[in-house]
Amino acid sequence: HLSDTEVDAMCEAVRETKEKVGISVCGSFGQLNEQQFRRLKEAGVTRVHNNLEIPNRNYNKTDMALLKELGYEVRFAMSKNLFITGTGTDVGKTYVTGLIVKKLREGGASSAYYKAAMSGNERRTDGTLIPGDALQVKTMSGVEQPLEEMCPYIYETAVSPHLAAKIEGNPIEMECVLKNFDRVCGTYDYVTVEGSGGIFCPLRFDEQKVQLEDFIKARSLACLMIADAGLGTINAVVLTAEYMKARKIPVKGIIFNHYEPGNPLHEDNRLMCEAMTGLNVVACVKDGDMDLDIPFELLEGFYEENGGNRK
């Protein structure tokens with residue numbers, strides 16, 4: 001809690017900043033009383049950043065009503081987040097992501113799932129689209145998170161999101177993707193974000209050019225890479241790792257999917273991928289596995305408290 005004297009000093013700093021620079025001001029204040037919120041609003045603060053110390057679920061309805069009444073934009077940011085990418089389409093990202101989210105939930109973590117865009121979805125009888133990947137993760141993991149929170153852009157056509165958006169007339173807006181992501185971050189402790197296809201997947205390609213990595217960088221997400229354990233994976237893993245390294249996207253490790261213990265090719269691929277990328281294969285998933293064979297503490301450690309806004 002800030003004292004009135006401290007709030008006075010902040011108000012003066014805000015006024016001077018706006019007078020000299022003319023920028024919008026976002027404040028991360030902790031918990032304030034009504035009068036303090038009003039004074040800061042009058043001084044020129046337009047956004048309240050809800051940090052790790054005051055999670056969304058601790059704001060009561062009166063607090064939120066006051067902030068809305070004063071016209072504040074409230075930014076929620078307090079989760080630990082991790083981005084799941086793959087070496088390409090159909091390597092099993094969604095399946096492995098479901099196991100990851102399940103592991104977190106069973107370890108007692110408040111966990112959630114998010115994906116910017118999904119293609120190739122079926123329709124319900126009422127004509128609305130079912131977010132298939134989200135439904136699979138929700139079913140596998142047992143999380144209570146509503147499907148509606150998991151993905152802002154859902155397409156029927158089974159092609160890259162940028163092309164599905166062109167065909168169906170619903171282009172992806174990065175502002176919407178980030179806004180919905182931040183909202184999820186304000187509700188859950190661990191948010192697992194799944195990419196579409198491989199790391200170089202275009203989300204939009206018209207007058208605007210939006211790549212998956214734009215989303216990753218906008219929220220400074222660290223990544224786990226999912227790869228098929230079979231033939232061709234050395235090339236796919238090394239190229240993906242080198243691209244991400246060049247783009248300064250941190251990679252926490254690799255998970256092999258469709259792994260067969262004792263298979264000479266799969267075991268050699270594991271050794272070669274580690275040697276050629278400097279990354280550890282942190283887990284191997286066999287066909288039919290319903291649990292991820294990795295210590296909870298190790299998995300939890302991959303998630304970063306970037307709060308959706310780490311630079």
Do [X] and [Y] have side chains that get closer than 4.5 Å, going by heavy atoms?
| X | Y | answer |
| --- | --- | --- |
| L40 | C11 | yes |
| S111 | D189 | no |
| F302 | I294 | yes |
| L221 | F181 | yes |
| L129 | R123 | yes |
| V177 | Y114 | yes |
| N180 | V184 | no |
| C176 | Y153 | yes |

Under a 3.5 Å distance rule, please check whether [X] uses its side chain to pair with a backbone N or O of [Y] as donor and acceptor.
| X | Y | value |
| --- | --- | --- |
| S3 | E6 | yes |
| S141 | V137 | yes |
| E267 | G262 | yes |
| K209 | D206 | yes |
| D228 | V91 | no |
| T277 | C273 | yes |
| K217 | R247 | yes |
| Y188 | Y113 | no |
| E274 | V281 | yes |
| Q36 | N33 | yes |

Could you pull out the closest heavy-atom pair between [X] and [Y], with the gap in Å?
| X | Y | answer |
| --- | --- | --- |
| C284 | D289 | O-OD2, 4.2 Å |
| L231 | N269 | N-ND2, 4.3 Å |
| V282 | G253 | CG1-CA, 4.3 Å |
| A164 | S119 | CB-OG, 4.0 Å |
| K115 | T94 | NZ-OG1, 4.4 Å |
| P171 | R204 | CB-CZ, 3.6 Å |

Between [X] and [Y] (salt bridge meaning N to carboxylate O under 4.0 Å), is one present in this structure?
| X | Y | answer |
| --- | --- | --- |
| E34 | R38 | yes |
| R39 | E42 | no |
| R219 | D182 | yes |
| E149 | R183 | no |

Give a yes or no on whether [X] and [Y] share a hydrophobic cluster (residues Ile, Leu, Val, Met, Phe, Trp, Tyr; joining criterion: side-chain heavy atoms under 4.5 Å apart).
| X | Y | answer |
| --- | --- | --- |
| I234 | I254 | no |
| L239 | I255 | no |
| V238 | Y243 | no |
| I154 | M174 | no |
| L279 | M272 | no |

Test side-chain contact (heavy atoms from CB on, under 4.5 Å) on V193 and F215 and set out the steps.
-> CA-CA 10 Å; V193 187; F215 174 31; 3.5 Å; yes
Point-to-point distance, once rounded to the nearest 0.5 Å, from [atom1] of [X] to [atom2] of [Y]:
| X | Y | atom1 | atom2 | value |
| --- | --- | --- | --- | --- |
| L135 | M118 | CG | CE | 9.5 Å |
| I100 | L299 | CD1 | CG | 6.0 Å |
| T157 | K166 | OG1 | NZ | 13.5 Å |
| K252 | C223 | NZ | SG | 10.0 Å |
| T97 | L82 | OG1 | CG | 9.0 Å |
| C151 | N121 | SG | CG | 7.5 Å |

Report the relative orientation of the aromatic rings in F256 and Y259; use parallel for angles under 30°, tilted for 30 to 60°, perpendicular for over 60°.
-> tilted
Between H162 and F205, what is the ring plane arrangement, given parallel below 30°, perpendicular above 60°, and tilted in between?
->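 Ring orientation, 0 to 90° scale: perpendicular.
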Could you walk me through whether Y303 and T192 pass the side chain to side chain donor-acceptor pair (under 3.5 Å) test, one step at a time?
-> CA-CA 9 Å; Y303 288 73; T192 307; 2.6 Å; yes
D291: which of K102, R105, K103, K286 passes salt bridge (charged side-chain N to carboxylate O under 4.0 Å, His left out) = K102
Using a cut-off of 6.0 Å, state whether more than 12 heavy atoms not belonging to D268 lie near its atom CG.
->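 Enclosed.
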